[in-house]
Amino acid sequence: MRRLSAMIVKEMWALLRDPKSRIVLVVPPLLQLFIFSYATTLDVKNVDVAVLDRSGGVHAAEFMARVAGSPNFRDIRRLSSTDELEQAIDGQEVIAALVFDSDFDARVTRGEPATVGVVLDGRRSNAAQIVSGYLSAIAGSYGAELLPRRAAEAATAGSVVTNWYNPSLDYIWFTLPSLVAIIVAVAGIAITSQSVARERELGTFDQLMVSPLRVHEILIGKMVPPFLVGMFNGSLYLVIAPLVFGVPFTGSYLLFFLALSVYLLALIGVGMLVSAASATQQQAFLGSFLATVPLILLSGYAAPIDNMPGWLQIVTYADPARYFLILVQGLFLKAMPAAQVFEQLWPLVVIACATLAASAWLFRARME
């Protein structure tokens with residue numbers, strides 16, 4: 001224990017001796033949390049749309065007034081020809097364009113079915129689908145006012161929608177818990193990957209080889225500082241989420257810290273594996289980047305895992321962020337019970353044991 005405590009103290013001083021490095025450990029993750037919580041959203045707001053009105057009637061004007069009054073739209077651009085419409089979409093000046101035929105108002109006045117043409121920018125497919133939903137909702141509400149009897153008949157056969165775990169469909173409720181997993185992963189792998197590589201670059205790795213320290217003592221000593229930093233950041237996020245962003249934490253704090261501890265061990269194993277395989281800190285930095293990017297993209301944060309090809313879904317089973325993402329979202333939003341937590345936790349334990357064993361084997365091989 002004396003040798004182990006000395007190794008831990010040494011690694012803590014190596015991490016904290018520089019005032020700039022102490023700031024880097026906490027401030028960038030906090031900035032990332034605040035910036036990415038608002039930046040990484042699939043909500044579509046403040047978009048510009050165009051309108052080509054060949055009708056020139058009051059109903060078309062009323063429809064456009066409702067579009068302009070929606071908080072999701074920013075500017076309505078008037079067009080006079082299809083050529084202007086094509087240029088506006090092609091130049092990404094607008095994401096959608098509405099087209100009113102010349103007989104639109106006449107058909108609405110006679111009570112006949114009338115349609116509004118919508119041209120969407122398919123290059124931004126996800127945003128275009130959401131904008132199409134906004135416009136369809138406006139058209140449906142306006143049509144219901146024009147034909148109240150038909151609207152009443154349709155309402156009797158409608159459905160009641162209840163949004164569990166996120167009643168207001170606030171996207172930040174999904175983003176912020178996910179960012180806890182992503183930012184902790186980036187920081188944990190980056191810090192750990194520099195530990196052994198720093199020893200080699202500074203020439204102190206040979207001193208470790210001739211010291212009375214055993215391999216497991218060296219590895220544990222190098223694992224403790226990033227583990228403590230990760231636990232501190234995770235605890236900080238747990239406090240900031242409800243107080244600053246209003247995202248509730250409904251689960252068990254004990255289960256959260258248990259899951260975070262196992263997740264950090266898995267990340268540290270990946271970081272140690274990169275560090276043991278690197279000869280310089282620059283190689284370690286590139287290696288951590290190489291490991292972090294697929295870890296994030298395959299976690300299910302950027303795109304659902306079910307949408308990925310079958311062979312790629314198999315690869316995601318080796319991604320620790322996949323499991324912790326489910327855990328942190330479940331603990332934040334739906335008070336995930338212990339049985340479900342442990343169901344997602346045991347693969348993390350397997351990954352942590354595998355990565356730590358592989359890094360220990362590689363570290364021992366490099367020492368020999």
Side-chain angles (χ1 to χ4, degrees), residues 35-155 157-163 166-175 245-246:
I35 294 173
F36 294 160
S37 294
Y38 295 106
T40 57
T41 175
L42 293 180
D43 290 338
V44 180
K45 297 180 179 179
N46 301 320
V47 295
D48 299 331
V49 297
V51 56
L52 178 58
D53 185 8
R54 296 192 179 100
S55 173
V58 294
H59 293 296
E62 174 64 20
F63 189 95
M64 290 311 305
R66 298 187 178 216
V67 173
S70 171
N72 300 312
F73 299 101
R74 178 177 54 191
D75 185 38
I76 308 298
R77 179 177 175 181
R78 301 283 177 171
L79 305 176
S80 58
S81 65
T82 55
D83 291 336
E84 290 185 5
L85 187 151
E86 182 177 351
Q87 292 175 6
I89 295 291
D90 184 62
Q92 294 188 337
E93 300 171 10
V94 296
I95 193 173
L98 296 172
V99 180
F100 294 92
D101 292 331
S102 57
D103 62 343
F104 176 79
D105 261 73
R107 295 179 68 89
V108 173
T109 303
R110 292 194 300 265
E112 300 176 0
T115 58
V116 179
V118 180
V119 181
L120 299 168
D121 187 353
R123 291 167 294 185
R124 293 177 282 178
S125 58
N126 184 72
Q129 291 177 11
I130 296 175
V131 170
S132 176
Y134 293 158
L135 295 173
S136 298
I138 294 174
S141 63
Y142 185 45
E145 291 183 12
L146 294 175
L147 299 173
R149 183 175 58 84
R150 294 185 181 180
E153 293 174 356
S159 59
V160 178
V161 178
T162 303
N163 302 306
N166 189 358
S168 59
L169 294 180
D170 191 346
Y171 200 78
I172 201 171
W173 283 33
F174 165 79
T175 302
F245 296 96

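Only a predicted model underlies this, so the values are computations on that prediction, with no experimental measurement involved. Counting begins at 1 with the first residue of the sequence.
Among residue pairs with one or both ends in residues 79-92, none qualify as salt bridge (Lys or Arg N to Asp or Glu O under 4.0 Å); sequence neighbours excluded. Screening residues 129-143 for salt bridge (Lys or Arg N to Asp or Glu O under 4.0 Å) gives no qualifying pairs among residues at least two apart or on separate chains.
The side-chain hydrogen bond (donor to acceptor under 3.5 Å, both in side chains) search around Ser125 returns none, not counting sequence neighbours. In this structure Arg123 satisfies the side-chain hydrogen bond (donor to acceptor under 3.5 Å, both in side chains) test together with Asp121, sequence neighbours excluded. The side-chain hydrogen bond (donor to acceptor under 3.5 Å, both in side chains) check on Ser55 picks up Asp105, with sequence neighbours excluded.
In terms of heavy-atom proximity, Thr175 sits nearest to Phe36 at CG2-O, 3.8 Å. Pairing each heavy atom of Ser80 with each of Leu52, the nearest pair is C-CD1, 3.6 Å. Between Pro113 and Arg107, the closest heavy-atom pair is O-NE, 2.8 Å.
Phe100 is listed as a side-chain neighbour of Val116, based on a closest heavy-atom distance under 4.5 Å. Side chains of Leu79 and Val51 form no contact here, defined as non-hydrogen atoms less than 4.5 Å apart. By the 4.5 Å heavy-atom criterion applied to side chains, Val118 and Leu98 are counted as neighbours.
Tyr142 and His59 have tilted rings, their planes meeting at an angle from 30° to 60° on a 0 to 90° scale.
When Ile76, Asp48, Val47 are each tested for a side chain to side chain contact (heavy atoms under 4.5 Å, CB included) with Val94, only one passes: Asp48.
Panel note: side chain Asp53, backbone Gly56; a donor-acceptor pair is recorded below 3.5 Å.
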For residues 128-139, tabulate all N or O donor-acceptor pairs below 3.5 Å that involve a side-chain atom, not counting sequence neighbours.
from   : atom 1 : to     : atom 2 : distance (Å)
Tyr134 : OH     : Val44  : O      : 3.3
Ser136 : OG     : Ser132 : O      : 2.9

Walk me through it: do Val99 and Arg54 pass the test side-chain contact (heavy atoms from CB on, under 4.5 Å)?
CA-CA 8 Å; Val99 180; Arg54 296 192 179 100; 3.5 Å; yes
CA sep, side-chain torsions, deciding dist, call: Arg124, Gln92, side-chain contact (heavy atoms from CB on, under 4.5 Å)
CA-CA 10 Å; Arg124 293 177 282 178; Gln92 294 188 337; 4.3 Å; yes
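Side-chain rings of Phe63 and Phe104 stay apart, their centers remaining 6.0 Å or farther from each other.
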